[in-house]
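For reference, the structure is listed below as structure tokens.
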Amino acid sequence: MFKKDFPYFQNSEVVYLDNAATTQKPKSVIDSQLEYYEKYCANTHRSSFGHANKATTNFEESRKILQNFINASKKEEIIFTKGVTESINFIAQAYAKDFKTVIISSLEHHSNITPWHTQGRNLQKGLKVVKYKDNLDFDFEDYENILKNNPNSFVSISHISNTFGKIHDIKRIISLAHEYDCVVMIDGAQSLAHEKIDVQDLDVDFFAISGHKTFAPTGVGAIYIKEKFLDKLDLYQTGGATIDQVDFNSSTFLPSPFKFEAGTQNIAGIIGFGEALKYLKHVGYENIKAIEKDVFNYLNEELKAIPDIIFYNDTSDSIGSRSFNIQGIMHDDIGILLDKMNVAIRVGHHCTQPIMKSLGIKGTIRVSISFYNNYEDVNIFIKSLKKAISMLK
Ligand SMILES: Cc1ncc(COP(=O)(O)O)c(C=O)c1O
């Protein structure tokens, strides 16, 4: 029903089921890129001629749109970044590095693991990993024990697993962390494409957002920073656009958000991000949730009927991604054959090697849906998967 809004689907025969990696872009987002580059390309926050003003206005409009979209109380709380990877690295370096302990979950993406390693943390020193239960459920008992033994820590946990689609109960994770005087960052890379986020209701301290997984251009994202932390952050990168006064001895910096957005930003991308959020609002989370639930359930029922399929979780508390293997077949081989049949899925470790290792596998076959996917996509995928299996067995 919504595919008509996405030029990719008019131009391509591919059945696109790799939405956890990146989403397709609606026409309004693509048009906004062309419009910026063809009609008013100029830098922002510097020059004062007409096109520069227009670029600045549209760029700042995106900040307001995102602020309203996630119900942040002030636009100063929204800092644009390249994506979730940069958002997490930013907060790790500018704020969390001095914490004795950082707490993450077992299902984290590498982007929420490696920034902690670069600070010299590991399981013996300064890094705690919350266990998972049978169904890959977040182990709240283990979490609370870790919190009890490590108050005043920094908690950094993903909302939705890109590999298994598992939704963490982040409201409970955040409120428990606060009970033990911890500060919390949520990796929301997979969130906005599927779920309404209200940062004030969540009472989250930092919320990392990926634009390209939310129908916006690549190379754009954001970090929400609760106002009370804005003055507690070290500078992350400095240079043009961050400064108030500079001489050869010292510099003074502008207030947030500018002091955290050094250099020329991805202007077109950020303007496109605003357009993507406008489009999402137009579609509405009620529609998105209803469609995704229906298609996800259908996908799951069809998968369950495939002989020798191995799942690692059931679909309770899950959305978007479904990971599995077929007994006796390498996931990579399925990926190669499905590509030949014009079906785009991802095979491998999905940037979550630690959970793969603890499950004793090298990777999975992952199908990840968005609201533009439909039963027909699932039918083609299942037919192609069955064909690939019969070729490989
Ligand atoms: C859960 C999760 N965290 C972080 C990232 C990295 O996000 P980005 O591509 O915006 O840097 C991803 C991307 O796959 C992800 O799925």
Side-chain angles (χ1 to χ4, degrees), residues 16-25 29 62 66 70 78-93 96 102 104-118 129-130 132 136 138 155-170 173 184-195 197 204 206-224 236-237 265-266 269-270 272-273 276-277 313 317-323 344-356 363-364 366-370:
Y16 189 80
L17 293 165
D18 194 23
N19 294 285
T22 200
T23 52
Q24 296 304 329
K25 320 303 172 198
V29 169
S62 285
L66 180 54
I70 61 169
I78 305 291
I79 317 295
F80 287 117
T81 63
K82 284 195 298 203
V84 163
T85 304
E86 188 178 36
S87 298
I88 294 177
N89 276 279
F90 167 26
I91 300 307
Q93 289 173 38
V102 171
I104 63 173
S105 87
S106 302
L107 297 189
E108 297 309 319
H109 186 278
H110 296 165
S111 292
N112 192 24
I113 301 174
T114 56
W116 311 117
H117 289 163
T118 59
V129 181
V130 180
Y132 59 91
L136 298 181
F138 185 82
V155 174
S156 186
I157 285 180
S158 54
H159 180 197
I160 303 176
S161 155
N162 60 307
T163 303
F164 299 101
K166 196 84 210 164
I167 305 170
H168 285 144
D169 181 351
I170 49 172
I173 288 172
V184 193
M185 172 158 65
I186 296 297
D187 169 350
Q190 301 290 337
S191 307
L192 292 190
H194 306 290
E195 297 256 341
I197 292 297
V204 66
F206 302 93
F207 195 95
I209 295 166
S210 177
H212 74 96
K213 294 182 199 288
T214 317
F215 315 101
T218 55
V220 50
I223 179 83
Y224 158 80
Y236 168 56
Q237 295 173 343
Q265 300 295 297
N266 181 350
I270 287 166
F273 194 6
L277 296 177
N313 59 319
D317 305 323
S318 301
I319 197 63
S321 297
R322 189 74 174 124
S323 258
I345 50 141
R346 182 168 168 188
V347 291
H349 56 63
H350 318 295
C351 300
T352 52
Q353 281 185 12
I355 184 68
M356 296 289 141
T364 68
R366 182 187 74 182
V367 188
S368 56
I369 61 152
S370 184

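Whatever order the structure lists them in is the order used to number ligands and atoms, beginning at 1. It should be emphasised that the depicted structure is a prediction, and the values quoted were computed from it without experimental measurement. If you read the sequence from its start, that first residue is 1, and numbering goes on from there.
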Closest protein heavy atom to atom 11 (O) of ligand 1, given as residue, atom name and distance to 0.1 Å: T85 OG1, 2.6 Å
Closest to atom 10 (O) of ligand 1 (judged by heavy-atom distance), picking from A189, S210, A208: S210
Which segment of D187 sits under 4.0 Å of ligand 1 when only heavy atoms are counted: side chain
Distance from atom 7 (O) of ligand 1 to nearest protein heavy atom, with residue and atom: V84 CB, 3.5 Å
Identity and separation of the nearest protein heavy atom to atom 16 (O) of ligand 1: Q190 NE2, 2.8 Å
Donor + acceptor pair across side chains of S111, H109 (<3.5 Å): yes
Within-shell test, K213 vs ligand 1, heavy atom, strictly < 4.0 Å: yes
I167 side chain reached by E195 side chain, heavy atoms, under 4.5 Å: yes
Check: N19/R346 side-chain N/O donor and acceptor closer than 3.5 Å: no
Donor-acceptor side-chain pairing of T23 and S370 below 3.5 angstrom: no
Identity and distance of the protein heavy atom lying nearest atom 15 (C) of ligand 1: H109 CD2, 3.3 Å
F207 and H159 aromatic ring geometry - parallel, tilted or perpendicular at 30°/60° bounds: perpendicular
S158-ligand 1 polar pair, N/O distance under 3.5 Å: no
Contact check, H159 vs ligand 1, heavy-atom distance below 4.0 Å: no
Location of contacts on H212 toward ligand 1, heavy atoms closer than 4.0 Å: side chain
